[in-house]
Amino acid sequence: MARNRPALAAAVIATIALGLASRKYPSLFPAIFEQYPGDALWAQMVYWLVAFVSPAASVVKVALTALVISYADECSQLYQAPWINAIRATTPGHLVLGSAFSWGDLVAYTVGIALVAPLDRWLLVRKV
């Protein structure tokens, strides 16, 4: 079964909107979660992008690929050269590359993908 690309594009846009809202209006989420809803949503956006690029891939393959990309992005934050920090200092650079490594972010990515993968499986079964 292949996924519906227009629906995936809509999922990417909706997830980005929610992620940006989670940063601009953190009071939308319980304070105990801190910045982690945005991180979970970032990983979900990666999930939808991977599904968009490979619409026939299995849910497991999409989830694992999204996790690898998310973890790699987080680990790249251990590299702190002036040139990449200049990119990270911009709003788009910070949103895409982050700024500082955090183990909590890895947990948030895992939780985000674990929440979105069953939704994707359900949508595939329904052929949306």
Side-chain angles (χ1 to χ4, degrees):
M1 280 187 272
R3 293 169 180 85
N4 179 318
R5 278 197 164 139
L8 291 170
V12 169
I13 292 166
T15 305
I16 289 171
L18 284 171
L20 292 173
S22 78
R23 297 294 189 189
K24 188 164 178 83
Y25 307 105
S27 61
L28 292 173
F29 298 92
I32 193 169
F33 292 136
E34 297 177 11
Q35 82 279 4
Y36 295 116
D39 295 324
L41 287 161
W42 188 90
Q44 290 178 352
M45 178 213 48
V46 172
Y47 182 97
W48 295 125
L49 286 171
V50 170
F52 184 88
V53 171
S54 269
S58 72
V59 171
V60 170
K61 189 171 190 174
V62 172
L64 290 175
T65 302
L67 272 176
V68 167
I69 292 168
S70 298
Y71 287 4
D73 181 75
E74 189 66 26
C75 289
S76 78
Q77 295 169 36
L78 293 168
Y79 179 69
Q80 295 290 319
W83 70 271
I84 198 161
N85 287 341
I87 296 170
R88 290 180 178 133
T90 67
T91 298
H94 180 73
L95 290 172
V96 173
L97 300 175
S99 57
F101 178 84
S102 168
W103 289 103
D105 289 353
L106 297 177
V107 173
Y109 300 152
T110 305
V111 169
I113 291 171
L115 292 173
V116 80
L119 173 63
D120 183 30
R121 183 180 306 271
W122 179 75
L123 291 172
L124 274 173
V125 169
R126 298 209 45 195
K127 297 180 185 176
V128 173

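Not measured: the values here are computed from a predicted model.
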Same apolar cluster: L64 and V116, side chain cutoff 4.5 Å: no
Distance (rounded to the nearest 0.5 Å) between L95 CG and L20 CG: 6.0 Å
Residue pairs fulfilling salt bridge (charged side-chain N to carboxylate O under 4.0 Å, His left out) with at least one residue in residues 67-90, sequence neighbours excluded: none
Shortest non-hydrogen contact between P55 and R5, atoms and distance: CD-NH2, 3.3 Å
Gap between atom CG of L41 and atom CG of L18 - 0.5 Å precision: 6.0 Å
Test side-chain contact (heavy atoms from CB on, under 4.5 Å) applied to I69 - qualifying residues, sequence neighbours left out: V46, V50, T65
Cluster link V59 to V68, ILVMFWY, side chain under 4.5 Å: no
Where at least one partner belongs to residues 37-66, residue pairs that pass salt bridge (charged side-chain N to carboxylate O under 4.0 Å, His left out), sequence neighbours excluded: R23-D39
N/O donor-acceptor pair under 3.5 Å between W48 side chain and A7 backbone: no
Between CG on residue D120 and CD on residue Q44, distance to nearest 0.5 Å: 11.0 Å
Cluster check L119, V12: I/L/V/M/F/W/Y, side chain < 4.5 angstrom: yes
Spatial distance of atom CD1 (I16) from atom CG (L49) [nearest 0.5 Å]: 6.5 Å
Considering all heavy atoms, the nearest A63-I113 contact: CB-CG2, 3.8 Å
Rounded distance (nearest 0.5 Å) linking atom CD1 of I13 with atom CG of L8: 11.0 Å
Interatomic distance, D105 atom CG to W103 atom CH2 [nearest 0.5 angstrom]: 11.5 Å
No-hydrogen, no-angle side-chain donor-acceptor test under 3.5 Å, S70 and Y47: no
Student check: side-chain heavy atoms of L97 and Q77 closer than 4.5 Å: no
Under 3.5 Å: donor-acceptor pair, side chain of R121, backbone of V60: no
Y71 with W42, same ILVMFWY side-chain cluster at under 4.5 Å: yes
Heavy-atom closest pair, residues I87 and T90: O-OG1, 2.7 Å
F101 with I84, same ILVMFWY side-chain cluster at under 4.5 Å: no
